[in-house]
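Below, read A as the first sequence line, B as the second, and so on, with proteins coming before strands; counting in each chain starts at 1. Heavy atoms only: backbone and side chains are in, while hydrogens, waters and symmetry mates are out.
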Amino acid sequence: MTAVPPERADLYGSSRDFATALAVWFNSSHRKMPWRETRDPYAIWLSEIMLQQTQVETVRGYYDRFLAKWPTIADLAAAVDGDVMKAWEGLGYYARCRNLLAAARKIVSEHDGLFPREFDQVLALPGIGRSTAGAILTFAFGQRHPLLDGNVKRVLSRLLDIAEPVTGKAVDDRLWAVTSQLIGDAPDPWVHNQAVMELGARQCVPREPKCLLCPVRSFCAAQAAGTVLQRPVKVKKPPVPHKQIAVAVIVAGDKLYVQQRPHEGLLGGLWEFPGGKQEDSETLEETVLRECQEELGITVAVGRKIAEIRHAYSHFRITMHAYFCVQVGQEPIAARAAIASRWVTRDALDALAFPKANKDLIAIVMGDHLELT
DNA sequence: AAATCGGGGGC
DNA sequence: GCCCCAGATTT
């Protein structure tokens with residue numbers, strides 16, 4: 001059998017046969033997940049949002065706790081924003097959490113509290129794009145919609161042996177066309193969409209794919225061409241910048257100063273210790289002093305260094321240097337870089353949502369004697 | 001089309 | 001260290 005040319009628009013074989021083989025494999029062996037045991041659109045919606053760019057094993061604990069705390073859309077819509085953010089703490093991509101809460105309130109106000117069943121109405125909810133909308137409507141209501149997530153992209157780019165980078169619009173359009181064709185021919189939309197993602201997560205994995213055990217091996221053009229390991233084609237990412245961040249743990253008696261980041265942008269809505277990026281020709285102590293002047297309008301005495309924490313974000317890295325500080329003088333704090341600020345005891349930190357690097361810092365502060373020098 | 005947006009899994 | 005993950009939104 002000859003290799004399939006990359007221009008080939010459709011599947012290597014009948015898409016009906018493909019979907020059937022995939023469904024047989026899925027029904028015989030698949031992982032158990034709580035969101036596969038329900039048809040509650042709210043629970044499925046929640047799972048789909050948590051699962052965006054996040055692996056199944058990471059989501060499990062968050063999902064159960066979240067549902068137990070807010071069992072219905074009405075419960076979530078009535079929740080306190082900070083409590084919801086706290087439940088999301090550590091899961092990342094916090095705009096998902098803000099959008100989830102906003103969508104819950106929109107469903108209450110515009111859809112009588114019932115999750116919509118129409119694709120366009122689902123797509124209009126914040127945080128829900130084309131793929132997530134299709135996933136929710138398929139898994140909750142059994143509707144027939146295509147999805148295209150990272151797993152499906154990898155599976156299809158191998159099935160069709162796509163030689164162009166998967167970041168372009170032409171390839172994206174083609175992948176959507178193929179996933180639409182497949183779901184259109186599948187015996188059961190629920191099983192099919194679950195099965196393609198399961199295949200990508202367990203068999204058709206990025207490195208060392210288990211092609212010998214693949215249920216749709218005979219349909220795979222990359223398998224025939226021997227190019228499985230080269231698909232999907234990705235462009236190499238440039239190295240990310242590394243910033244030096246200096247932060248102030250300002251102590252007054254048994255209390256510490258913390259502030260809340262603006263809702264938009266990086267780590268939006270989370271709490272943190274004040275600080276910022278080290279400028280050229282500036283010591284870290286000078287950075288702490290300057291940031292407290294600029295962000296809080298106060299002068300501090302910079303004391304003992306208590307932590308040095310490295311952390312990686314999606315598009316840059318930081319080393320966070322933390323110093324104990326005390327305020328010098330009596331100026332009131334003007335939290336210019338924050339939407340709220342508080343003096344709290346160490347025990348009260350637990351009620352607020354912090355980014356991971358700040359959580360690491362707090363763990364150190366909790367075990368410290370809390371003296372300046 | 002490219003950049004932004006977290007944190008952890010797994011090698 | 002690196003790539004990837006049940007992507008969406010903004011620029």
Side-chain angles (χ1 to χ4, degrees), chain A residues 30-31 33-36 44-63 85 88-100 102-103 122-140 145-155 165-173 175-176 179 190 192-202 204-209 229 232 234-242 261-270 310-318 353-360:
Chain A
H30 59 81
R31 294 173 294 175
M33 301 174 194
W35 44 89
R36 283 179 174 163
I44 289 166
W45 166 39
L46 175 66
S47 75
E48 290 301 327
I49 301 302
M50 286 186 165
L51 286 161
Q52 287 171 357
Q53 297 293 287
T54 309
Q55 295 186 164
V56 166
E57 293 311 311
T58 303
V59 166
R60 289 185 188 275
Y62 283 93
Y63 174 84
M85 198 58 79
W88 204 273
E89 181 187 49
L91 201 50
Y93 283 171
Y94 298 94
R96 293 184 296 173
C97 183
R98 298 194 300 277
N99 286 331
L100 180 74
V122 176
L123 193 60
L125 295 171
I128 298 181
R130 185 176 177 183
S131 189
T132 300
I136 297 170
L137 288 173
T138 298
F139 298 145
H145 296 281
L147 30 107
L148 189 62
D149 65 355
N151 283 319
V152 180
K153 280 184 181 175
R154 182 172 55 257
V155 169
V166 291
T167 45
K169 180 169 176 8
V171 171
D172 199 60
D173 287 346
L175 290 173
W176 272 108
T179 187
W190 190 99
H192 179 76
N193 278 339
Q194 294 282 2
V196 183
M197 290 192 292
E198 184 85 1
L199 186 75
R202 290 178 51 210
C204 198
V205 292
R207 285 175 292 196
E208 299 184 34
L229 291 176
K234 301 235 172 174
V235 292
K236 195 183 173 190
K237 292 167 189 166
V240 297
H242 189 151
R261 296 174 63 90
H263 289 300
E264 59 281 359
L266 183 73
L267 305 169
L270 272 65
R310 269 171 288 279
H311 188 72
Y313 294 92
S314 50
H315 55 297
F316 63 93
R317 300 170 187 279
I318 66 164
F354 288 89
K356 177 61 163 60
N358 272 255
K359 293 287 283 184
D360 292 344

Need two values: the first and the last nucleotide of DNA chain C, 5' to 3', having an atom under 4.0 Å from any heavy-atom of chain A.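 Contact boundaries, 5' end first: dC2(C) to dT9(C).
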Would you say [X] and [Y] make side-chain contact, with heavy atoms under 4.5 Å?
X         : Y         : answer
Glu198(A) : Arg31(A)  : yes
Tyr313(A) : Leu267(A) : yes
Leu175(A) : Thr179(A) : no
Pro209(A) : Leu229(A) : yes
Asn151(A) : Leu199(A) : no
Tyr63(A)  : Met33(A)  : no
Arg261(A) : Leu266(A) : yes

More 5' along DNA chain C: Glu48(A) or Asn99(A), using each one's nearest nucleotide?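 By nearest-heavy-atom nucleotide position, the 5'-most residue is Glu48(A).
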Could you tell me whether a side-chain N or O of [X] sits under 3.5 Å from a main-chain N or O of [Y], the two making a donor and an acceptor?
X         : Y         : answer
Tyr62(A)  : Glu89(A)  : yes
Thr138(A) : Ile136(A) : no
Arg96(A)  : Leu91(A)  : yes

Around Arg36(A), counting heavy atoms of other residues, nucleotides and ligands shown, do more than 12 lie under 6.0 Å from its CZ?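 Counting neighbours around CZ of Arg36(A), more than 12 heavy atoms of other residues, nucleotides or ligands fall under 6.0 Å, so yes.
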Between [M] and [N], how far apart are the [atom1] atoms? Round to whole Å, please.
N      : M      : atom1 : value
dC5(B) : dG1(C) : P     : 23 Å
dG8(B) : dT9(C) : C1'   : 23 Å
dA1(B) : dC5(C) : C1'   : 22 Å
dT4(B) : dA6(C) : P     : 24 Å

Nearest-angstrom distance from the residue atom NZ of Lys237(A) to C1' of dA3(B):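 Interatomic distance, NZ of Lys237(A) to C1' of dA3(B): 12 Å.
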For Arg60(A) and dG8(B), what is the distance between atoms CZ and C1' respectively, to the nearest whole Å?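 After rounding, the gap between these two atoms is 15 Å.
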At 4.0 Å (heavy atoms only), tell me whether [X] reaches a base, stays on the sugar-phosphate, or touches nothing.
X         : value
Arg317(A) : sugar-phosphate
Val152(A) : nothing
Gln194(A) : base

Are any protein N/O atoms closer than 3.5 Å to N/O atoms in nucleotides 4-6 of chain B? If there are, list each pair with its distance.
from, atom 1, to, atom 2, distance (Å)
dC5(B), OP1, Leu266(A), N, 3.3
dC5(B), OP2, His315(A), NE2, 3.0
dC5(B), N3, Tyr93(A), OH, 3.3
dG6(B), OP1, Tyr93(A), N, 3.1
dG6(B), OP1, Tyr94(A), N, 2.8
dG6(B), OP2, Leu267(A), N, 2.3
dG6(B), O4', Tyr93(A), N, 3.1
dG6(B), N7, Tyr93(A), OH, 3.4
dG6(B), O6, Tyr93(A), OH, 3.0
dG6(B), N1, Gln53(A), O, 3.1
dG6(B), N2, Gln53(A), O, 3.3
dG6(B), N2, Thr54(A), OG1, 3.0
dG6(B), N2, Leu91(A), O, 3.4

Which residue lies more 5' along DNA chain B, comparing Ala357(A) with Gly168(A) via nearest heavy atoms: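 So the residue in question is Gly168(A).
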Pairing annotation in dot-bracket form, given for DNA chain B with Watson-Crick or G-U pairs under 3.5 Å and | for cross-strand partners: |||||.|||||
